[in-house]
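These notes concern the structure reproduced below.
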Amino acid sequence: MVQPLLTLENVCRYFGGLKAVERVSFSVEAGEIFGIIGPNGAGKTTLFNLLTGLIPLTAGKILFQQQPLHRLKPHQIAALGIARTFQNIRLFPEMSVWENVRLGQHLHAPASFWANLWGAPSVRYAQERLENRAKELLYWVNLYERRHERAGNLPYGEQRRLELARALALQPRLLLLDEPAAGMNPKEKQELCELIRRLKATFELTVILIEHHVPLVMSLCDRLAVLDFGQLIALGDPLTVKNDPKVIEAYLGADV
Ligand SMILES: Nc1ncnc2c1ncn2[C@@H]1O[C@H](COP(=O)(O)OP(=O)(O)OP(=O)(O)O)[C@@H](O)[C@H]1O
């Protein structure tokens with residue numbers, strides 16, 4: 001039997017008396033595009049923060065490729081192959097587009113001080129491979145021509161794409177995208193959808209995304225999990241979830 005890539009078992013996170021995430025369980029298969037939706041304050045970002053080790057679990061288990069993630073530090077989780085982007089873009093605005101992507105590769109950089117100092121052929125080869133990969137990623141997100149620009153000077157939609165390239169520089173197996181389409185116009189949203197699909201296929205990724213833009217989620221995701229007040233209220237393919245009475249109620253009759 002094929003094991004899921006990621007499994008959450010009764011995951012809880014409380015902030016004092018507030019149950020931000022309450023006994024959430026689901027699995028994500030390798031190769032899926034999996035959406036997490038829910039009203040404001042439902043616990044979506046908290047769930048991402050738990051998956052990436054930014055905050056500890058109150059209770060429950062998270063397994064990535066059967067390995068427990070709790071107690072691992074964020075950099076150890078990143079090294080296992082989980083990368084993320086943030087709701088509020090977190091680039092290094094003073095650095096160039098190129099430097100931002102190269103920084104994302106730090107986990108794969110050759111580490112030996114002496115080998116680096118003497119410019120050993122293995123180090124040069126590894127550096128060259130990383131540079132080629134950075135170049136390839138910038139082509140993918142259509143920013144190669146702008147590689148020398150200051151990241152902070154890019155328009156918003158391009159900063160989002162740069163963040164995506166930087167996350168991919170980590171060579172993840174699982175990519176977590178927190179509201180990747182926020183602030184984009186309809187054309188940019190459509191392009192982002194296509195980009196995510198192509199990136200997923202090319203780099204054999206599994207993608208989990210949090211998104212408020214329901215048409216995007218409906219067309220892009222294989223399955224959806226719906227959170228409301230920290231609890232999982234629905235799980236399944238987009239059409240089933242859309243017609244679930246609990247989901248309709250959570251959105252107060254909004255056009256889900
Ligand atoms: N560090 C924290 N300390 C206290 N409460 C927090 C903290 N982080 C989140 N919360 C609370 O946990 C709940 C879930 O927040 P979270 O940001 O995960 O929701 P969300 O579904 O991502 O919302 P949005 O769609 O608005 O981003 C909210 O009530 C929030 O105020």
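Counting begins at 1 with the first residue of the sequence. Whatever order the structure lists ligands and atoms in, that order sets their numbers, starting from 1.
Looking from atom 27 (O) of ligand 1 to the surrounding protein, the closest heavy atom is Gln87 NE2, 3.2 Å. In terms of protein heavy-atom proximity, atom 17 (O) of ligand 1 is closest to Thr45 CB, 3.9 Å. Atom 16 (P) of ligand 1 has its closest protein heavy atom at Thr46 OG1, 3.6 Å. From the protein, the heavy atom lying nearest to atom 26 (O) of ligand 1 is Asn40 OD1, 3.2 Å. Here the heavy atom of the protein found nearest to atom 3 (N) of ligand 1 is Phe15 CD2, 3.5 Å. Nearest protein heavy-atom contact of atom 21 (O) of ligand 1 is Lys44 NZ, 2.8 Å. Looking at atom 11 (C) of ligand 1, its nearest protein heavy atom turns out to be Leu18 CD2, 3.4 Å.
For ligand 1, the atoms closer than 4.0 angstrom to any heavy atom of His212 are 25 (O). Every atom of ligand 1 with a heavy atom of Ala20 under 4.0 Å away is listed here by number and element: 12 (O), 13 (C).
Side chain of Glu188 to backbone of Asn185: a donor-acceptor contact under 3.5 angstrom is found. In this structure a side-chain-to-backbone donor-acceptor pair under 3.5 Å is missing from Lys200 to Glu32.
The closest heavy-atom contact to atom 23 (O) of ligand 1, among the options Gly41, Gly43, Gly16, comes from Gly41.
Side-chain contact annotation: Glu194 with Gln190, donor-acceptor N/O pair under 3.5 Å present.
Counting heavy atoms from C-beta outward, Leu154 and Glu149 have side chains that approach closer than 4.5 Å.
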Taking only distance into account, with no hydrogens and no angle test, what donor-acceptor pairs under 3.5 Å do side-chain atoms of residues 130-142 form with protein atoms, sequence neighbours excluded?
{"residue": "Asn132", "atom": "ND2", "partner": "Glu128", "partner atom": "O", "Å": "3.4"}
{"residue": "Arg133", "atom": "NH2", "partner": "Leu168", "partner atom": "O", "Å": "3.0"}

Please list, one pair per line, the donor and acceptor atoms closer than 3.5 Å that link side chains of residues 50-59 to other protein atoms, with sequence neighbours excluded.
{"residue": "Thr52", "atom": "OG1", "partner": "Phe48", "partner atom": "O", "Å": "2.8"}
{"residue": "Thr52", "atom": "OG1", "partner": "Arg84", "partner atom": "NH1", "Å": "3.2"}
{"residue": "Thr58", "atom": "OG1", "partner": "Tyr14", "partner atom": "N", "Å": "2.8"}

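Considering both main-chain and side-chain atoms, Ala42 comes within under 3.5 Å of ligand 1 through a nitrogen or oxygen pair.
There is no protein heavy atom closer than 4.0 angstrom to atom 31 (O) of ligand 1.
Separating the CG atom in Asp228 from the CD1 atom in Ile233 is a distance of 4.5 Å, to the nearest 0.5 Å. Note that the OG1 atom of Thr7 and the CD atom of Gln66 stand 6.0 Å from one another [nearest 0.5 Å].
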